[in-house]
Number of protein chains: 2
Amino acid sequence: MASAKSGATSGPKPGPRYAQVSDTLQRRIESGTYPVGALLPTELDLCQEFGISRHTVREALRRLAEAGFVQRRQGSGSQVISASPKGGYVHAMRSLNELFQYAADTHLRVDRIFEGAPPAPIDAVLGDQAGQNWVILQGLRLDAAGRQPICWSTVLVNQVFAGIVPDFATLTGAIYRLIEDRYGVLVDRVEQDIRAMPISAEAAAELGVSRRIWAVQVVRRYLDNEGRVMLVSVNDHPGDRFSYSMQLQKEGWGRS
Amino acid sequence: MASAKSGATSGPKPGPRYAQVSDTLQRRIESGTYPVGALLPTELDLCQEFGISRHTVREALRRLAEAGFVQRRQGSGSQVISASPKGGYVHAMRSLNELFQYAADTHLRVDRIFEGAPPAPIDAVLGDQAGQNWVILQGLRLDAAGRQPICWSTVLVNQVFAGIVPDFATLTGAIYRLIEDRYGVLVDRVEQDIRAMPISAEAAAELGVSRRIWAVQVVRRYLDNEGRVMLVSVNDHPGDRFSYSMQLQKEGWGRS
DNA sequence: ATTGAAAATTTGTCCGGACATATTTATACA
DNA sequence: TGTATAAATATGTCCGGACAAATTTTCAAT
């Protein structure tokens with residue numbers, strides 16, 4: 001195995017040893033030598049085959065695990081779980097504000113607060129969460145300085161978190177933050193749907209736009225780590241002012 | 001420091017030693033003991049302070065680096081780059097098909113191919129890329145079985161990749177794949193904008209919908225790893241059939 | 001004061017070993 | 001045959017040491 005050490009032109013030594021071993025193993029996985037589902041040779045076996053220490057083998061295996069090729073289990077071994085790097089594209093955001101895409105200095109002017117079932121048009125788009133009772137807020141989200149309305153919002157708060165209602169008076173940030181701070185439950189997942197539809201009479205009136213304008217409705221469901229719906233917000237934007245941008249970045253693990 | 005080893009009830013030993021050290025250092029970073037920009041104590045110093053081997057210190061530092069707290073540089077040290085875990089929310093997709101959100105078995109029926117400047121309404125939404133010449137395709141994206149049109153698409157191909165034009169006849173997958181396969185350049189980044197607007201006469205006619213329906217226009221720019229625009233696609237969807245869903249997952253690094 | 005080479009510092013790579021812990025396999029017992 | 005126990009196996013944690021490579025600091029020469 002260990003050959004061609006003489007000053008040849010083909011230098012098979014790019015980078016540290018663990019990277020070479022990792023690349024070799026990756027090629028074997030991609031080529032099917034180690035099929036998906038099978039176990040890799042044990043660390044000791046790999047030590048022998050490559051003539052390296054266990055520490056170096058473990059560094060190589062760690063890389064394969066990080067790249068999504070293998071899963072390691074103490075006492076069992078390293079199982080091949082994928083023949084291709086986990087790659088893909090990600091749209092990452094540092095905070096949920098980047099999801100909303102309106103400036104942080106906007107604020108929600110709450111017009112109504114009540115408890116019960118949501119209006120029929122709202123309930124219709126809830127899917128799994130339809131038919132429940134909520135603490136419901138409705139109001140206009142406004143630009144900080146000017147009076148430019150951004151959207152007409154209906155916010156459905158899970159009744160478990162009804163205790164935040166008194167805090168709406170001093171509402172500065174987003175509502176989900178109120179729940180996070182007061183109840184200590186973190187938002188673990190957000191589902192966002194974007195639809196277009198003829199604007200409702202109510203939204204058109206509140207936003208001060210013609211009913212010939214269409215609305216873009218953005219529905220966001222906030223779930224905690226147990227899958228419980230903490231909050232649903234339904235936001236009707238005037239179509240002519242709506243725009244949503246996202247950037248996807250490739251996330252790859254090449255060989256080396 | 002190392003005290004309370006007697007069989008006390010308060011067990012300060014949850015998990016391996018490197019995790020404990022990593023947590024301790026993380027707390028110091030979050031509390032400002034090690035301010036952002038400063039260098040952490042050297043590995044040898046930490047070995048002494050905690051009475052552990054360098055291997056264990058390095059495992060702890062590795063975790064801090066993965067969580068985005070520190071950046072390590074050979075010969076220099078470990079610099080604090082953030083006082084909070086890199087966290088955030090990510091919208092991950094395994095392939096770009098999940099971005100498009102129409103089934104893979106749809107296909108684009110190309111009606112026109114020409115070279116030059118795009119029509120004015122298209123050029124207007126291009127931003128930085130306005131005013132260029134492209135290889136331009138226009139056509140209807142259709143459902144696989146039925147004749148249900150999904151959107152009216154205008155695809156602008158960078159003239160550098162004009163060589164793919166003959167392959168449009170056998171077009172099965174997405175156009176960006178054609179470029180990737182033939183030219184070996186990978187899509188590194190995609191920018192997607194979603195807007196709503198009154199539908200154009202052309203799109204309404206092609207899609208067979210009323211002009212009172214609004215269009216949702218989805219613009220996607222495909223860039224390679226040098227920031228070069230490979231492809232821009234402008235897709236006009238009938239608003240009443242458009243829906244876009246995304247799921248964000250929290251990506252956190254708690255202590256321990 | 002500026003430059004350039006040498007020395008010290010610090011992290012990266014790699015080796016060896018030991019024991020702990022989780023899993024699997026083999027064995028003895030009912 | 002089925003089950004509980006013991007042994008073997010494999011990865012996880014942790015220790016010690018050595019040298020390499022990158023960076024920073026020191027110091028001498030101009």
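Convention: sequence-line order gives letters A, B, ...; per-chain numbering from 1.
- Here D:dT13 presents its C1' atom at 8 Å from CZ of A:R58, a figure rounded to the nearest Å.
- Checking the phosphate oxygens (OP1, OP2) of D:dT13, a side-chain nitrogen or oxygen of B:Y18 falls inside 4.0 Å.
- Here A:I52 lies in heavy-atom contact (under 4.0 Å) with sugar-phosphate atoms only.
- A salt bridge is absent between A:E180 and B:K250; no separation between the charged side-chain nitrogens and carboxylate oxygens falls under 4.0 Å.
- Regarding A:E43, its CD atom lies at a distance of 16 Å from the P atom of C:dG17, rounded to whole Å.
- The phosphate of C:dT10 (OP1 or OP2) has no side-chain N or O of B:R73 nearer than 4.0 angstrom.
- Remark: C1' of D:dA10 and CG of A:L39 are 10 Å apart, rounded to the nearest angstrom.
- By the 30° and 60° cut-offs, the orientation of the rings of B:H91 relative to A:H91 is perpendicular.
- Here B:T56 reaches the OP1 or OP2 of D:dC15: one of its side-chain N or O atoms lies under 4.0 Å away.
- In this structure, the CZ atom of A:F50 is 12 Å from the P atom of C:dC15, given to the nearest Å.
- Contact annotation: B:S76 does not reach the phosphate of D:dT23 (side-chain N/O to OP1 or OP2, under 4.0 Å).
- Whole-Å rounding puts the A:H55 NE2 to C:dG17 C1' distance at 14 Å.
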Can B:T106 and B:R141 be said to form a side chain to side chain donor-acceptor pair (under 3.5 Å), step by step? CA-CA 7 Å; B:T106 66; B:R141 181 164 293 275; 3.1 Å; yes
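- Ion pairing between a basic and an acidic side chain is recognised when a charged N comes within 4.0 Å of a carboxylate O; B:R58 and A:E59 show no such pairing.
- Nearest-nucleotide assignment on DNA chain C puts the 5′-proximal partner with B:S78, out of A:G51 and B:S78.
- Atom pair B:R54:CZ and C:dT9:P shows a separation of 15 Å (rounding to whole Å applied).
- Atom CG in A:L44 sits roughly 13 Å away from atom C1' in D:dA8 (whole-Å rounding).
- In this structure, A:P166 and A:A162 approach most closely via the heavy-atom pair CD-O, 4.3 Å.
- The nearest heavy atom of DNA chain C to B:D45 and to A:S53 marks one nucleotide each, and the one closer to the 5' end goes with B:D45.
- Distance, B:Q74 CD to C:dC14 C1': 13 Å, rounded to whole Å.
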